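Being a predicted model, the structure only gives us computed values, none of them experimental. Just the heavy atoms: all of them, side chains too, but no hydrogens, waters or symmetry mates, feed the values below. A note on names: the letters A, B, ... follow the listed sequences, proteins ahead of strands, and every chain is numbered from 1.
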Amino acid sequence: MKYGLKKWRLLSLFSALALILSGCGEPFLSTLQPAGEVAQKQYNLMILSTTIMVVVIVVVAIVFILTITKFRRSKVGEDTIPKQVEGSHTLEVLWTVIPIILLLVLAVPTVALTYDLADQSELEEVDEEGNRTALVIDVRANLYWWEFNYPDLGIVTAQDLVVPTDQNVYFNVIASDVKHSFWIPAVGGKIDTNVDNTNTFYLNFDGEKAAEADNLFYGKCAELCGPSHALMDFKVQTLAPDEFDSWVTAMQEAAEEEQQPENELAARGAEVFQEQACIACHAVSPDDRAGTSPGPNLSTFGERSRVAGILEHDNDEEFAENIKEWMLNADLLKPGNQMNETNGYNKDALTDEDLDALTEYLMSLKVYTE
Amino acid sequence: METQQATSANPKVNYEYRRKKAKQEMRTHVTSFALMIFMTLIAFIMVMAEFDKYYVFPVLLVLAAVQVVFQLYYFMHMSHKGHEAVSLFLYSGALIGFITILAFLTIVWW
Amino acid sequence: MDTQQKFTSRTWPESPEKTTLEGKNKFLGFWLFLGGETVLFASLFATYLALKDQVPNSEHYLAKDMFELPLVFIMTMLLLTSSLTSVYAMYHMKNHNFQKMNTWLLVTVGLGLTFLGFEIYEFNHYVHEFHHTFTSSAFGSAFYTLVGFHGAHVAVGLGWFILLMIRNSKRGLNLYNAPKYFVASLYWHFIDVVWVFIFTVVYLMGMVG
Amino acid sequence: MSTVAQKKGFLAILWDYLTTVDHKKIAILYLVSGGFFFLVGGIEAMVIRIQLAVPDNSFVSAGLYNEILTMHGTTMIFLAAMPILFAFMNAIVPLQIGARDVAFPFLNALGFWLFFFGGIFLNLSWFLGGAPDAGWTSYASLSLFSEGHGIDFYVLGLQISGAGSLIAGINFLVTIINMRAPGMTYMRMPLFTWSTFVASALILFALPPLTVGLFLMLFDRMFGANFFDVTMGGNTVIWEHLFWIFGHPEVYILILPAFGIFSDIFSTFSRKRLFGYSSMVFATVLIGFLGFMVWAHHMFTTGLGATANAIFAVATMAIAVPTGVKIFNWLLTMWGGSIKFTTPMLYAVAFIPSFLAGGVTGVMLAAAPADYQYHDTYFVVAHFHYVIIGGVVFAILAGTHFYWPKIFGTMLNETLGKITFWLFLIGFHATFFIQHFLGLMGMPRRIWKFLPGQGLDLFNAISTAGAFLMAAGTLVLLYNVIVTSRKNVRVGNDPWGDGRTLEWSLSSPPPFYNFKQLPLVRGLDPLWIEKMEGNTKMTPAEPIDDIHMPNGSIIPFVMSLGLFIAAFGAMYQVDWRASGGEEFVWSLPVLIIGMLITIGSMATRSLKDDHGFHIHKEDLLKDEEKGGKE
Ligand code: HEA
Ligand code: HEA
Ligand SMILES: [Cu+2]
């Protein structure tokens with residue numbers, strides 16, 4: 001393989017690499033299958049740098065293999081005393097200058113892209129009425145859950161981020177307890193959610209690529225934040241722009257009117273929700289307590305792709321089971337999470353009937369799907 | 001092991017010469033001390049006089065730097081020979097310290 | 001040959017601190033240590049500058065509300081003068097005049113102690129007058145840490161001088177302890193160097209804003 | 001004098017080591033305790049890999065995983081890699097420059113005991129309520145949030161052992177500047193000495209920011225300060241900066257001595273002088289210098305802004321140039337030589353492609369926008385294990401085999417050595433090569449478990465399998481050590497036959513005063529020069545005379561012990577105050593007693609004159625008659 005490579009031209013090397021790498025991983029998670037402009041640009045830079053590195057490796061490998069095969073003592077003779085060479089100026093210059101050139105080839109696009117990705121001039125743009133045109137989402141990271149607040153639209157969700165495809169989406173990210181990091185691998189690099197102040201960056205979700213990932217990307221927390229750091233996942237649902245608009249409208253309407261329970265069991269569940277003081281931490285209206293809520297907003301809970309970001313929701317049965325699983329074993333499923341006795345959650349106070357009702361109620365919390 | 005260095009063939013001459021040199025040096029020390037006091041005074045007066053801060057800050061820093069050079073080169077004898085390694089390391093430390101401070105003034109902005 | 005050899009002012013070598021190999025090593029090692037201390041204090045200064053006037057709410061006093069120049073001026077004069085007196089001590093050390101050296105060291109210690117006294121008074125003043133404490137704000141933590149680290153250095157320097165004077169009171173000057181005096185005085189000057197930056201950066205620039 | 005050592009009982013030997021100020025014995029202390037911590041860190045690594053062998057595993061619990069992960073990183077870097085390198089520096093550098101000891105033998109012992117007690121303190125956390133769990137980087141917001149005393153153990157333990165490292169650094173600097181034998185100019189120093197010199201300079205300047213950072217953390221956690229408490233005006237990014245201003249140079253503190261060891265091994269087993277010696281020296285210094293200008297590449301995603309990211313990205317890439325110079329010089333050293341594949345040489349040869357792979361991924365990480373993707377993923381884990389294991393650990397293993405005869409007077413078995421090598425090499429690549437892809441496929445680092453259905457299962461399993469090979473290699477090495485020291489076949493001055501530098505001109509192990517007469521150094525590779533002129537020994541630079549030696553002392557041990565005790569007091573006084581003075585009443589007295597022990601022993605040291613002793617000329621001559629052997 002090493003010998004084969006050196007005959008190739010740079011370009012074919014480039015594309016071959018890209019091809020090999022893109023075979024890796026799942027489309028909803030892998031950085032190697034970029035599904036948006038930001039990830040694509042970063043991916044291109046990754047490929048460029050990998051290509052340069054392969055060139056370096058090949059050069060070193062050739063010299064290396066020649067050296068250790070040609071100059072073994074068994075070959076040159078036990079008693080040989082080699083010439084004690086001091087050095088060579090020509091060679092020194094050569095292997096100083098060539099790496100510098102290679103690095104320049106990498107450094108220029110690196111710097112350019114650094115500035116490119118930091119460009120936020122679009123945030124300043126306004127329409128005739130003076131409203132911001134760009135979509136802005138305030139992300140707040142909490143011990144093991146995520147809040148997504150759309151300040152210009154007056155709505156808020158948790159755990160499932162909903163975004164339109166093919167437009168830049170701006171994120172203002174911050175953490176409320178300890179530092180986390182906001183990362184949607186397939187769509188673009190991460191940015192830390194500091195406790196000190198907000199960071200801003202943008203992503204762009206490619207419609208076609210999103211379709212390949214079933215319009216659902218995995219998001220991760222990428223900064224160690226405590227025991228359940230590994231489980232601080234979120235999901236990203238992508239919608240075509242017009243669909244997104246109707247989602248927003250639905251959300252806004254749901255915020256206006258009180259939701260009516262679908263059936264008796266759900267109505268009982270709503271009562272339990274109050275009795276057990278779930279409401280103290282969880283809002284159930286899509287405009288409630290953005291930025292201050294101690295627990296995730298549950299207004300779209302019935303539509304979530306996962307329970308607590310980790311437990312499956314493929315069909316209703318599984319969903320119900322996993323909700324109960326969570327209610328009873330939250331501390332085991334996500335060790336160290338804040339839904340605990342100190343914060344007023346007492347699972348022993350839930351009877352089986354209450355649990356059923358609560359589950360029914362939670363499953364009924366939907367805004368956009370029928 | 002060698003513990004003593006021969007200073008001169010004639011100890012007497014050498015002794016008196018050394019005494020004189022040391023006295024002279026002590027005199028420059030007193031002078032530099034006076035200068036340091038003077039610079040300190042200027043620094044304090046400038047602040048009391050409430051000049052504009054963009055003017056005061058650089059001057060204050062320069063005064064401090066000069067004072068420190070006096071301390072290092074006269075009081076701490078860095079002007080004497082045999083301080084090559086010393087200055088290399090002290091300046092390296094100062095450079096790294098400077099970079100640290102610069103970073104904290106520019107990219108820790110919250 | 002021997003480090004305990006007795007000297008007269010005539011046989012005393014020109015650079016007693018560097019005459020023995022041990023002395024030479026100590027001299028260099030201590031300077032290197034000061035190089036490291038430079039970075040240490042730079043980190044403290046950097047932290048202080050990043051946290052200066054960072055307080056939770058507007059009820060807290062800021063640098064320019066608290067600092068008093070006359071006090072700082074006196075402290076500066078004390079420390080600067082002590083730097084000169086320790087130079088005098090070294091002058092006499094090099095002349096092998098044990099008595100005078102000790103006298104000047106004593107003066108140095110006196111000045112240092114007065115400085116420390118003022119510093120304690122100053123801290124006490126901030127705590128009681130302005131409720132500016134180590135735990136009241138990030139600014140407070142940073143201020144007391146920076147200035148306190150310097151104060152601790154002063155205290156260590158004083159302890160060092162005193163210990164040297166006690167341990168050598170009977171022994172007199174020799175090539176074994178001459179380097180010790182010398183590096184202690186280097187330490188003392190370094191403390192003064194740090195103070196120059198403290199009064200400039202913390203107090204004077206703090207007063208300006 | 002020297003023959004008595006053989007017949008001592010266990011207690012006498014113990015006392016000998018507790019009080020020793022001999023650099024060669026201190027080297028052994030460093031090697032043994034560093035080796036012990038390497039095993040501890042290695043076991044922790046195995047637990048990590050077992051937990052991650054299959055998806056959704058629950059071999060260890062979430063909190064415990066974080067403790068193990070933190071202690072693995074911290075132990076390996078501070079308590080294994082650094083001390084083992086210190087062991088070689090201590091054992092070899094004074095010999096290489098023709099000195100009878102280091103500049104400050106007493107401080108040398110103090111440095112070791114501080115490291116030792118700091119390390120023990122840190123590891124006692126396992127038994128006293130839980131280890132630190134915020135990663136080896138211990139970022140401020142999480143470490144302030146962390147309950148219990150784990151982080152306090154981290155802070156105090158590193159503070160104590162950090163002081164030890166600083167002392168060691170200064171000691172080596174002064175030794176190298178002041179104690180070189182006649183003729184040993186700077187540009188004749190072996191590369192291992194040079195890299196020790198530069199690494200020590202890095203220690204001198206990199207440790208203070210860590211010290212300050214740890215103090216701030218200590219004040220915040222134990223004394224109510226607010227450096228990192230945002231609600232009180234604090235700022236957590238300060239910790240990140242201070243940590244990395246230390247942390248990046250730290251990795252060069254590890255790799256530079258490794259480069260030095262390899263340089264010496266390459267030239268020895270190629271029978272050639274190092275190619276491009278002066279550019280190698282220059283590159284070492286340059287790497288050390290640039291090492292201070294790049295720390296923010298660990299913080300590309302913190303949000304420092306495009307300009308900062310761009311500057312630090314380019315500065316980071318620049319380090320590839322001097323490192324490349326080194327790689328090519330090593331290759332050219334072998335080129336035209338006569339390469340003998342001994343165990344140390346195998347490691348050296350394998351080091352080139354392994355480290356190269358780690359180095360180039362480093363440059364990839366330096367491309368800031370790409371790092372937004374790599375950061376905090378297994379790609380980074382792969383990068384640094386490639387440079388650390390492919391560089392530092394290989395150098396440690398190579399050095400262990402290479403210098404073993406010089407330190408202990410007997411060789412390690414070559415066949416077993418080669419078995420260790422192949423197991424370790426294959427295991428290492430199997431474990432970490434695949435992790436690059438895990439990272440790119442979206443696996444964050446520091447995760448306790450990964451869930452099924454994300455395409456990460458197979459590669460993780462392979463990675464774990466590789467780790468078992470490394471463990472097997474380590475076990476073979478242990479076995480090797482045991483059997484060869486049982487056999488204890490004594491060896492001569494230059495057991496490898498191709499020694500070029502001064503340490504090989506002395507008996508193995510050297511007499512406690514190293515050089516009866518300081519050698520006259522006539523050029524680079526002084527022993528080689530003499531060999532080529534048909535001499536069997538170095539030409540002495542002085543007549544035989546009395547040798548001045550320092551006395552042993554228990555004070556370094558006691559002084560460090562005092563700090564160790566005081567640290568417990570400092571830590572539990574927090575609980576004492578929290579309980580309103582009800583519980584942990586012993587904490588304050590313990591703090592005071594500990595400090596008194598330390599200060600008292602410092603005072604003892606200072607008040608008591610200790611002039612050392614002389615070995616008399618006659619004894620030296622007698623020693624010589626016996627053949628200079630122990
Ligand atoms: C011994 C330890 C060691 C060494 C030597 C290095 C060497 C390098 N490291 Fe590494 N690094 C670590 C240990 C080390 N690192 C650790 C422990 C971390 C993670 C810490 C944590 O977060 O826990 C880390 C993380 C880390 C990051 C942060 C990643 C992140 O968290 O997002 C970066 C980013 O720039 C980086 C870069 C580099 C570079 C450019 C080098 C360079 O020095 C490499 C230079 C070498 C070569 C390039 C090969 C030889 C050169 C040639 C043959 C010439 C030609 C080459 C070219 C033209 C490319 N390292
Ligand atoms: C010198 C540094 C060093 C070394 C040598 C190693 C060695 C190894 N590391 Fe290292 N590692 C780090 C430094 C190092 N590591 C750091 C700094 C981190 C980051 C921590 C953080 O994120 O904060 C890290 C993190 C880290 C992770 C990531 C964890 C995570 O992010 O969740 C992993 C996972 O695979 C890993 C694996 C390994 C393995 C398999 C080895 C192997 O090479 C180990 C090989 C050794 C052995 C296998 C020894 C076996 C022991 C025996 C055989 C014992 C015999 C028993 C008796 C005699 C009692 N390490
Ligand atoms: Cu780094």
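Of the possible polar contacts, none joining the D:Arg271 side chain to the A:Pro82 backbone as a donor-acceptor pair under 3.5 Å is found. Formation of a donor-acceptor pair under 3.5 Å by the A:Asn194 side chain with backbone atoms of D:Val237 is not found in this model. Under the 3.5 Å distance criterion, the side-chain polar atoms of A:Glu26 are left unmatched by any main-chain donor or acceptor of D:Gln454.
With a 4.5 Å cut-off on non-hydrogen atoms, D:Leu274 touches chain A through its backbone but not through its side chain. Interface remark: D:Ser58 contributes no atoms to any contact with chain A (heavy atom separation under 4.5 Å). Neither the backbone nor the side chain of D:Asp56 comes within contact range of chain A; no heavy atom of the residue lies under 4.5 Å from a heavy atom of that chain. Heavy atoms of A:Ala118 lying under 4.5 Å from chain D belong exclusively to its side chain. Only the side chain of D:Val230 has a heavy atom closer than 4.5 Å to any heavy atom of chain A. Of the atoms belonging to D:Ala134, it is backbone heavy atoms, and not side-chain ones, that fall under 4.5 Å from chain A. Residue A:Phe201 does not touch chain D at all, counting heavy-atom pairs closer than 4.5 Å. Heavy atoms of D:Met299 lying under 4.5 Å from chain A are absent altogether. Using a 4.5 Å cut-off between heavy atoms, A:Ile191 contacts chain D through both its backbone and its side chain. Within the 4.5 angstrom heavy-atom criterion, atoms from both the backbone and the side chain of D:Val325 approach chain A. Proximity to chain A is absent for every atom of D:Glu147, based on heavy atoms less than 4.5 angstrom apart. Heavy-atom distances place the side chain of D:Asn66, and not its backbone, under 4.5 Å from chain A. For A:Thr193, no part sits under 4.5 Å from any heavy atom of chain D, backbone or side chain. In this structure, chain D has no heavy atom under 4.5 Å from any part of A:Ile98. Only the backbone of A:Lys83 comes within less than 4.5 Å of a heavy atom of chain D; no side-chain atom from C-beta onward does.
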Report task. Carefully, step by step, assess D:Phe145 and A:Cys225 under the rule side-chain contact (heavy atoms from CB on, under 4.5 Å). Result -> CA-CA 9 Å; D:Phe145 215 78; A:Cys225 55; over 6 Å; no
Query raised in the report: How far apart are the C-alpha atoms of D:Tyr139 and A:Leu224, what are their side-chain angles, what is the distance that settles it, and do they pass the side-chain contact (heavy atoms from CB on, under 4.5 Å) test?
Result: CA-CA 9 Å; D:Tyr139 273 15; A:Leu224 180 62; over 6 Å; no
Requested in this report: I would like to know whether D:Leu142 and A:Glu223 meet side-chain contact (heavy atoms from CB on, under 4.5 Å); could you show each step before the answer?
Outcome: CA-CA 10 Å; D:Leu142 181 61; A:Glu223 182 67 54; over 6 Å; no
Query - Working for side-chain contact (heavy atoms from CB on, under 4.5 Å), residues D:Phe328 and A:Leu91 - result: CA-CA 9 Å; D:Phe328 291 112; A:Leu91 284 176; over 6 Å; no
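Nearest heavy atom pair, residue A:Thr31 against residue D:Leu440, reads OG1-O, 2.5 Å. Nearest approach of D:Ala310 to A:Tyr115, heavy atoms of both residues: CB-CE1, 4.0 Å. Across all their heavy atoms, A:Leu103 and D:Ala320 have their closest contact at CD1-CB, 4.0 Å. Summarising the geometry of D:Gly234 relative to A:Asp196, their closest heavy-atom pair is O-OD2, 4.0 Å, with the distance given to 0.1 Å. Here the closest non-hydrogen pair linking A:Asn199 and D:Thr301 is ND2-O, 4.4 Å. The two residues A:Thr114 and D:Ala368 have their closest heavy-atom pair at OG1-CB, 4.1 Å.
The shortest side-chain heavy-atom distance between D:Val363 and A:Met53 falls under the 4.5 Å cut-off. Looking only at side-chain heavy atoms (C-beta outward), D:Leu356 and A:Val56 come within less than 4.5 Å of each other. Side chains of D:Trp335 and A:Val85 form no contact here, defined as non-hydrogen atoms less than 4.5 Å apart. Counting heavy atoms from C-beta on, the side chains of D:Phe228 and A:Val195 never come closer than 4.5 Å. Two residues are said to be in side-chain contact when any heavy atoms from C-beta on lie closer than 4.5 Å; A:Phe71 and D:Met334 fail this criterion. Contact of the D:Trp528 side chain with the A:Ile81 side chain is registered, since non-hydrogen atoms from C-beta on lie closer than 4.5 Å. Proximity of D:Asp376 to A:Ser181: side-chain heavy atoms (C-beta onward) are nowhere separated by under 4.5 Å. Using a 4.5 Å cut-off on side-chain heavy atoms (C-beta onward), A:Thr110 and D:Met317 make contact.
For the atom pair D:Ser141 OG and A:His180 NE2, the distance stands at 7.5 Å (nearest 0.5 Å). The structure places CE of A:Met232 at 14.0 Å from CD1 of D:Ile447, a figure rounded to the nearest 0.5 Å. Atoms CD1 and NZ, on D:Ile339 and A:Lys75 in that order, are 10.5 Å from each other to the nearest 0.5 Å. Separation of atoms CD (A:Gln84) and CG (D:Asp525) is listed at 7.5 Å; rounding is to 0.5 Å. With rounding to the nearest 0.5 Å, the separation of OG1 in D:Thr236 from CG in A:Asp192 is 9.5 Å. Remark: A:Asp177 CG to D:Leu144 CG distance equals 12.5 Å, nearest 0.5 Å.
Counting heavy-atom neighbours within 6.0 Å of A:Glu318 CD, excluding the residue itself, gives a total above 12. More than 12 heavy atoms of other residues, nucleotides or ligands lie within 6.0 Å of CG in A:Asp314, so this atom counts as buried by the packing criterion. Around atom NZ of D:Lys340, no more than 12 heavy atoms belonging to other residues, nucleotides or ligands sit under 6.0 Å away.
Interface check for chain A: of the options D:Gly63, D:Ser279, D:Gly135, D:Ala140, the most heavy-atom pairs under 4.5 Å are formed by D:Ser279. For chain A, the option among D:Gly455, D:Ala62, D:Ser338 with the highest count of heavy-atom pairs below 4.5 Å is D:Ser338. Most heavy-atom pairs under 4.5 Å with chain D, from the set A:Pro99, A:Ala222, A:Gly77: that is A:Ala222. Looking only at heavy-atom pairs under 4.5 Å with chain D, the residue among A:Ile68, A:Asp233, A:Val38 that has the most is A:Ile68. Among A:Val173, A:Val60, A:Val59, A:Thr67, the residue with the largest count of heavy-atom pairs under 4.5 Å with chain D is A:Thr67.
A salt bridge links D:Glu240 to A:Lys179: one of the charged nitrogens lies within less than 4.0 Å of a carboxylate oxygen.
Among pairs with a residue in residues 359-375 of chain D, those fulfilling side chain to side chain donor-acceptor pair (under 3.5 Å) read A:Trp183-D:Gln373, D:Asn309-D:Tyr372, D:Thr361-D:His383, at least two apart in sequence or across chains.
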